[in-house]
Protein chains: 2
Amino acid sequence: MAERPGPQGGHGLLYLTDEQLRKGIEAMFFAYRGFTAAPDRILAEQDYGRAHHRALHFIGRSPGTTVGNLLDILGVTKQSLNRVLRRLMDDGLVEARVGREDRRERHLHLTETGRTLERALSEAQRDRMRAAYRAAGPQAVQGFRQVLEAMMDPEMRRHFEGGDAPGKAGSR
Amino acid sequence: MAERPGPQGGHGLLYLTDEQLRKGIEAMFFAYRGFTAAPDRILAEQDYGRAHHRALHFIGRSPGTTVGNLLDILGVTKQSLNRVLRRLMDDGLVEARVGREDRRERHLHLTETGRTLERALSEAQRDRMRAAYRAAGPQAVQGFRQVLEAMMDPEMRRHFEGGDAPGKAGSR
DNA sequence: TAAGATACGTCAGCCATGTTGACATTCCAA
DNA sequence: TTGGAATGTCAACATGGCTGACGTATCTTA
């Protein structure tokens, strides 16, 4: 009963051999490297690391987000995040504004400089993603997204689904 | 979320908005966290890290692999890898045998203890992967794999494709 | 056979980024 | 008015990357 199912078949049951799963695991490993390679190069030039990239990304995608929210998303300690944010603020890439409703909160924004770097990073990463999407085709992209979503921790899925376009429903 | 081109359609052009690509990027980020979460917990108990996991994994999947080959796959420096291997060998999880053809080479193998830990780690990870695969369905799995493969660096794809079942048709 | 290249190990030190723990400040809310 | 929340910060430590330098054994080649 083992090897039968062609890669297509198996509509009902899924025959997931350890071997198939191992390939999936390695695919994640190797792909993640490709996924981070381009931004990593840009970051290295400016002496930043992935931690800075992550902060820039999530501030860029939801301007005005708070430190606490960022801590939640990134899943690191505040001390760790603070070191990164401090540097970004000292370098003038990120700005923290005191909350108007709750003055304890700091709302984070990218400065023009910050936006520029963020754009460079995400463009590099999008290029790679776009190339992969194009190579694999729309059908595959759909499946890709489904599997990734199923692989997330449920709390993370929240942040993911919540991460809708800041402007409107109509994307673009 | 679905816009114009039905998820099926768009054979020719792919309309990939920045927004869609951003979601893909975040999906990778969040999913990768889910992907490593379970093994990370096991590793933490024994005071190992992801680096040890990677070494155990690739030694386990191709017993007898050499240090140089591992360096190639992992893309770290020999000093970095050595620190990890040293510990694994001292702890009796990995064994290095002098090459028979080329006595300069060290061929790496898991000991029984090493195999046990490796199995625990990969089982935890496979469980997660299996659950995601099941939730998403076979079609999606196919797409997932295609996109990931397209996202790898070409040299890494080599290692990936080469990673065939150790038992089967004389790969390698 | 001698010289160079290759595979590996190791020492030493640096850096980024994660961690804990403790403590201060400010401010909201009951 | 007081307790807790949101944040910042100091200090210390661990992991796992990195570079550079050097040593040894072994293979390859002129």
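Each chain gets a letter, A, B and so on, in the order its sequence line appears, and its residues count up from 1.
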Worksheet entry | Of the listed nucleotides dC27(C), dG17(D), dT7(D), the one nearest the side chain of Asp102(A) |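 Output: dC27(C).
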
Short side-chain N/O contact from [X] to OP1 or OP2 of [N], under 4.0 Å:
| X | N | value |
| --- | --- | --- |
| Arg86(A) | dT9(D) | yes |
| Thr77(B) | dC18(D) | yes |
| His52(A) | dT17(C) | yes |
| Arg106(A) | dT7(D) | no |

Length of the line joining [X]:[atom1] and [N]:[atom2], which is rounded to integer Å:
| X | N | atom1 | atom2 | value |
| --- | --- | --- | --- | --- |
| Arg83(A) | dT19(C) | CZ | P | 10 Å |
| Leu43(B) | dA14(D) | CG | P | 19 Å |
| Lys78(B) | dA12(C) | NZ | C1' | 14 Å |
| Asn82(B) | dG13(C) | CG | P | 18 Å |
| Leu85(A) | dA6(D) | CG | C1' | 14 Å |
| Asp90(A) | dG8(D) | CG | C1' | 13 Å |
| His107(A) | dA6(D) | NE2 | C1' | 11 Å |
| Asp47(B) | dC13(D) | CG | P | 17 Å |

Discussion item. For a quick check, tell me whether the side chain of Arg104(A) and the base of dA5(D) share a donor-acceptor pair closer than 3.5 Å.
Written reply: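 Such a pair is found, so the answer is yes.
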
Are the side chains of [Y] and [X] in contact, using a 4.5 Å heavy-atom criterion?
| X | Y | result |
| --- | --- | --- |
| Phe144(A) | Arg145(B) | no |
| Arg54(B) | Arg50(B) | yes |
| Ile25(A) | Met129(B) | yes |

Worksheet entry | Polar side-chain atom of Arg128(A) near backbone of Met151(B) as donor-acceptor pair, under 3.5 Å |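 Judged by distance alone, yes, a pair lies under 3.5 Å.
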
Worksheet item: DNA chain D: Asn69(A) or Val84(B), which has the more 5' nearest nucleotide?
Response: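 Mapping each residue to its closest nucleotide by heavy atoms, the 5'-most match is Asn69(A).
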
Worksheet item: Of Gln79(A) and Gly49(A), whose nearest nucleotide on DNA chain C comes first from the 5' end?
Response: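 Residue closer to the 5' terminus by nearest nucleotide: Gly49(A).
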
Fill in: Given DNA chain C, 5'-ward residue of the pair Arg103(A) and Arg54(A), judged by closest heavy atom
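Counting from the 5' end, the first nearest nucleotide belongs to Arg54(A).
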
Discussion item. Using the rule given for ring-ring contact (aromatic ring centres under 6.0 Å, His included), can you reason through Phe58(B) versus Phe29(A), listing the C-alpha separation, both sets of side-chain angles and the distance that settles it, and then say yes or no?
Written reply: CA-CA 11 Å; Phe58(B) 285 105; Phe29(A) 173 70; 5.5 Å; yes

